Amino acid sequence: KPPWNAPDEPPKGQSVAVLPFASLSESNDDQYIADGIAEEIINRLTAVKELRVVARTSSFAFRDPEQTVDAIAQKLRVSHVVEGSVQLQEENIRVTVQLIDAGSGYHLWSKKFDRPFSDVFAIQDNIAASVASAIDSQIAESTRAETGRHLTDNTRAYAHFLKGRALLHKRLELKGQGIDASIATFRAATRADPEFAHAWAGLSKALWLRSASNEHQQEEDLASSAALTALELDPGNAGARAVLGAIDWRKGSFERAKANFELALQQPVVDTDVRLWAGILMDSVGYTDRAYALYEEADRLDPLNPSVNTFLSKSLVMRGEPEKAARQLSGQMGHEWQDLNRGKIALITGQY
């Protein structure tokens, strides 16, 4: 079938990966705060159209890395790397961050913030604007224009949101318990701030994923309701749009699913799931060229994401490019669907 839409051209020039920030707090439970701050800096930098920003799954693969910054940058295909640490002390927070030129290894910018936790939003804005300015002063203005749009002014709701998102990211590692805990934590965030759109969107995604695993109609309805609440508060919320698209897709309403994914893909966010889910939808109804373009775009943003590699390699096999599919899977972590694709590649190329 003809392509759905021509994909956007990948940004050329400067690129950056924000590695997971180290937690220096006494409690190990505070790691989600450090992760959340790093992820929010990723989201703020994503708003800069002139800058390619690596998604969370790939950049966070280098937690406590033994590899050099240069080696990490080569694997993530970026020109710059951001490292940092976070330490919580009662009601205060200390954030230390540095921007490194991957080619030379030089520190282009570094700063330490010692402030009350209530200033965490201003700290994230300052870091994103400073990083963009240090990389290229010409793109600093567009960064400043996009920062300052806070998710919530309620720090308690924000802490719940960061923990809920961290639990959702760990859903495969924690199995069902991760999704259950994330749902409870997102609900705590929405109770603390009922107008916190991102918390409603996170709740909708967690409910949808749980409903998809047990096919429970009531949870699907709750997921839809939470997504609609998020969109009432923030019409441009890509995550909520993607959940509605996924629900429409499962109900067999392709046109409505397509419309929701179209709107989600227009938003400047590094949300790999939006592109991946849209690609799977396109594949399922025969728009294979569009699906392939979406998988490739997801791969540019998130080159170490195992789900992206699985579906991109499958698409390459179906397109008659088994050698390229094999290269795509080379060096990737073992995964049952990736093993299935490796088997298909071996079969096609006569390696019985």
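Basis for what follows: all heavy atoms, side chains included, without hydrogens, waters or symmetry-related copies. Keep in mind the model is a prediction, meaning the values are calculated, not measured.
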Carefully, step by step, assess Ser313 and Asn309 under the rule side chain to side chain donor-acceptor pair (under 3.5 Å). CA-CA 6 Å; Ser313 63; Asn309 279 291; over 6 Å; no

Can you tell me how far the [atom1] atom of [X] sits from the [atom2] atom of [Y], to the nearest 0.5 Å?
X	Y	atom1	atom2	answer
Gln87	Asn92	CD	CG	10.5 Å
Ser307	Leu276	OG	CG	6.0 Å
Ile100	Ile72	CD1	CD1	9.0 Å
Asn260	Leu265	CG	CG	11.0 Å
Asp299	Asn305	CG	CG	9.0 Å
Asp101	Asp70	CG	CG	10.0 Å

Please report the C-alpha distance between Ile123 and Ile93 in whole Å, then the side-chain angles of each, then the deciding distance to 0.1 Å, and finally whether the side chain to side chain contact (heavy atoms under 4.5 Å, CB included) criterion is met. CA-CA 10 Å; Ile123 293 172; Ile93 187 170; 4.0 Å; yes

Over all heavy atoms of both residues, which pair between [X] and [Y] is shortest? Give the atoms and the distance, please.
X	Y	answer
Ala242	Ala264	N-CB, 4.2 Å
Val243	Ala223	CG1-O, 4.3 Å
Thr272	Ala298	CG2-CB, 4.2 Å
Val95	Ile37	CG2-CD1, 4.4 Å
Tyr292	Ser315	CD1-OG, 3.5 Å

Just wondering, do [Y] and [X] contact through their side chains at under 4.5 Å, heavy atoms?
X	Y	answer
Lys111	Asn126	yes
Asp283	Thr288	yes
Val54	Leu301	no
Phe21	Glu39	no
Arg256	Lys251	no
Asn43	Glu40	yes

Verdict with reasoning, Leu167 to Tyr32, per side chain to side chain contact (heavy atoms under 4.5 Å, CB included): CA-CA 9 Å; Leu167 288 164; Tyr32 73 90; over 6 Å; no

Asp289/Arg319 salt bridge by N-O under 4.0 Å criterion: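 The answer is yes: the pair qualifies as a salt bridge.
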
Is Asp35 salt-bridged to Arg63, cutoff N-O under 4.0 Å?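 So Asp35 pairs with Arg63 through a salt bridge.
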
Main chain of [Y], side chain of [X]: is a donor-acceptor contact present, judged purely on distance under 3.5 Å?
X	Y	value
Thr46	Ile42	yes
Ser59	Val18	yes
Gln31	Ala22	no
Thr229	Ser225	yes
Asp114	Arg94	no
Tyr295	Gly279	yes
Ser110	Gln98	no
Thr310	Pro306	yes
Ser211	Trp208	yes

Are [X] and [Y] joined in one hydrophobic group, where the rule is that I, L, V, M, F, W and Y side chains link up if heavy atoms are under 4.5 Å apart?
X	Y	value
Met318	Ile280	no
Phe261	Leu263	no
Ile183	Leu222	yes

Full working for side chain to side chain contact (heavy atoms under 4.5 Å, CB included) between His80 and Val131: CA-CA 10 Å; His80 297 80; Val131 165; over 6 Å; no

Counterpart residues, side-chain contact (heavy atoms from CB on, under 4.5 Å), relative to Glu323 (two or more places apart):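 Scan of Glu323 (side-chain contact (heavy atoms from CB on, under 4.5 Å), adjacent residues dropped) gives Arg327, Thr349.
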
So, using side-chain contact (heavy atoms from CB on, under 4.5 Å) as the criterion, who are the partners of Ser79 when residues are at least two apart?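 For Ser79, the residues satisfying side-chain contact (heavy atoms from CB on, under 4.5 Å) (neighbours in sequence not counted) are Gln14, Ser15.
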
Please list all pairs meeting side-chain hydrogen bond (donor to acceptor under 3.5 Å, both in side chains) that have one or both residues in residues 182-207, counting only residues at least two apart or in different chains. Thr152-Asp193, Lys205-Asp273

Side chain to side chain contact (heavy atoms under 4.5 Å, CB included), that's the test. Do Leu231 and Leu244 meet it? Break it down for me. CA-CA 10 Å; Leu231 290 169; Leu244 290 180; 3.5 Å; yes

Cut-off 3.5 Å, no hydrogens considered: what does the side-chain donor-acceptor table look like for residues 102-109, sequence neighbours left out?
| from | atom 1 | to | atom 2 | distance (Å) |
| --- | --- | --- | --- | --- |
| Ser104 | OG | Tyr106 | N | 3.2 |

Transitive ILVMFWY cluster of Tyr352 at side-chain heavy atoms under 4.5 Å: who else is in it?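 Same cluster as Tyr352: Leu347.
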
Quick one: salt bridge (Lys or Arg N to Asp or Glu O under 4.0 Å) pairs with a partner in residues 225-246, sequence neighbours left out?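 Every pair satisfying salt bridge (Lys or Arg N to Asp or Glu O under 4.0 Å) with a residue in residues 225-246: there are none.
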
Please verify the inter-ring angle class for Phe186 with Phe161; under 30° counts as parallel, over 60° as perpendicular, anything in between as tilted.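 The arrangement is tilted - the two ring planes meet at 30° to 60°.
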
